[in-house]
Amino acid sequence: MRRENDRFTSPHALQLVWRTRGKIVDRTLSVVLDDVQGGHRLSGKEALALFKTRDRQVWEIAAAADEVREARAGNAVTYVRNQNINVTNLCVNACGFCGYSKKPGDEGIYFHDKAAIQKKVALAGKRKCTEICTVSGLHPDFTAKSYTDVYRWIREAAPGIHLHASNPMEVAYAAKKSRMSTVEVLEAMKEAGLNSMCGTAAEILVDDIRKKICKEKIPTKEWVRIITEAHGLGIPSTATIMYGHCETDRDRVKHLGILRDIQDETSGFTEFVPLSFIHMNTPIFRAGNARAGATGREDLLMVAVGRLFLDNFKNIQVSWVKEGIKMAQLSLIAGANDLGGTVFEESISKGAGATNTDYLDPVEMERVAEDLGRTLRRRTTLYELL
Ligand code: SF4
């Protein structure tokens, strides 16, 4: 922790200035960070000021987030042995940030049937995975039963494995196609073996931005309702943000505020996973409507500000798939405590232009953890240490 008399003496102290009820409030960065470490809940305005930080103050924020990480989640760097299965890339939507989905007639369409899925599940067993993670395109012929069939096939092939699947968009789609309520779909999915849900399809929970990047996706209100319903049914989920395209710092703060409010209400999020936009093969980037992804400063600040702002989250996961292992390692000293999964098979980020996304060997995870003086620990999906 900083010493009391350091608060006003740093030659590089950043003045955070914003208006509260018409008054200018003026505080140094070090005071704000000390307050957070002392239990103060960051306001949206404070988080916005932190996101706008440039220069060496980024390291101060990262260091404060790292201290909070140590106090809240300990020193272990965790990971899960998981296998991804994307059942199909055929999708009725056309999200502007997606380089993965295909339309009928496109080259490279795939659809894995029961035999192919069960073969992958058997392979996951041989690889000693404890989790199968599956999300897919919104296949034109899918109904709620299509999803529950897939979960039953997975369950049949690996009864004890944790099934981490679906997301609020898939639940809404299944409900619409089968004329069911989203609660009924979630109950059917749980009955078929769903253990936890992916908090994806959140992207940025600001409707103006959603209209620009994924206008066919469910609006913010519906995403929030479905994730809250899932938590209410005892289906925990991850929480994600996809950033670095056309959103502003203010949008990022709004998004984090929504996640924090849901967590206050349900405690159903297992972790926060920032997903840095992979731009290369995406329609919005090619049309000139998105930036070429987040910068390194933004990646570090998303983890660090996420750690400081989301005071009701224990775990912050950094995605080596999105950021590469070197940025992922730096994120582990900026607030993150988890490296995600081994993955074994990845198509979504690869479709958008990322490379080396298929598998990260725990030996490499151990190397980067030990390089920071930390220990790598294997965990379950729900963060029990193995
Ligand atoms: S992000 Fe998902 S819903 Fe959107 S086009 Fe891609 S696969 Fe379809």
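Counting starts at 1 for both ligands and their atoms, in listed order.
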Chemist: For atom 6 (Fe) of ligand 1, state how many protein N, O or S atoms fall inside a distance shorter than 2.8 Å.
Modeler: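 There are 1 of them.
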
Chemist: Name the closest protein heavy atom to atom 2 (Fe) of ligand 1, giving the residue it belongs to and the distance to 0.1 Å.
Modeler: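 Checked against all protein heavy atoms, atom 2 (Fe) of ligand 1 sits closest to Lys217 NZ, 4.3 Å.
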
Chemist: Cationic tip of Arg260 within the cone over Phe309's six-membered ring, i.e. under 6.0 Å and within 45° of the normal?
Modeler: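 Satisfied, under 6.0 Å and within 45°.
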
Chemist: Can you label the angle between the Tyr151 ring and the Tyr147 ring as parallel, tilted or perpendicular, going by 30° and 60°?
Modeler: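 Judged by the thresholds at 30° and 60°, the geometry between Tyr151 and Tyr147 is tilted.
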
Chemist: Any link between Leu233 and Leu382 through a network of hydrophobic side chains (Ile, Leu, Val, Met, Phe, Trp, Tyr) touching at under 4.5 Å?
Modeler: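 No: no chain of side-chain contacts under 4.5 Å links Leu233 to Leu382.
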
Chemist: Assess the residue pair Asp338 and Thr78 against the criterion (side-chain hydrogen bond (donor to acceptor under 3.5 Å, both in side chains)); give the C-alpha distance rounded to whole Å, side-chain angles, the decisive distance to 0.1 Å, and a yes or no.
Modeler: CA-CA 5 Å; Asp338 185 78; Thr78 50; 2.6 Å; yes

Chemist: For the residue pair Phe313 and Phe269, does the interplanar ring angle fall in the parallel (under 30°), tilted (30 to 60°) or perpendicular (over 60°) class?
Modeler: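 Parallel.
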
Chemist: State whether Glu131 and Arg81 are salt-bridged, where the test is any N-O pair (Lys NZ or Arg NE/NH1/NH2 against Asp/Glu carboxylate O) under 4.0 Å.
Modeler: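 Between Arg81 and Glu131 there is no salt bridge, as every charged N stays at least 4.0 Å from the carboxylate O atoms.
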
Chemist: Verify the cluster assignment for Leu90 and Tyr173: are they in a single hydrophobic cluster under the rule of side-chain heavy atoms below 4.5 Å apart?
Modeler: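 As far as the 4.5 Å side-chain criterion goes, Tyr173 and Leu90 are not connected within one cluster.
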
Chemist: Could a heavy atom of Glu216 be found less than 4.0 Å from some atom of ligand 1?
Modeler: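 Outside the 4.0 Å threshold, so no.
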
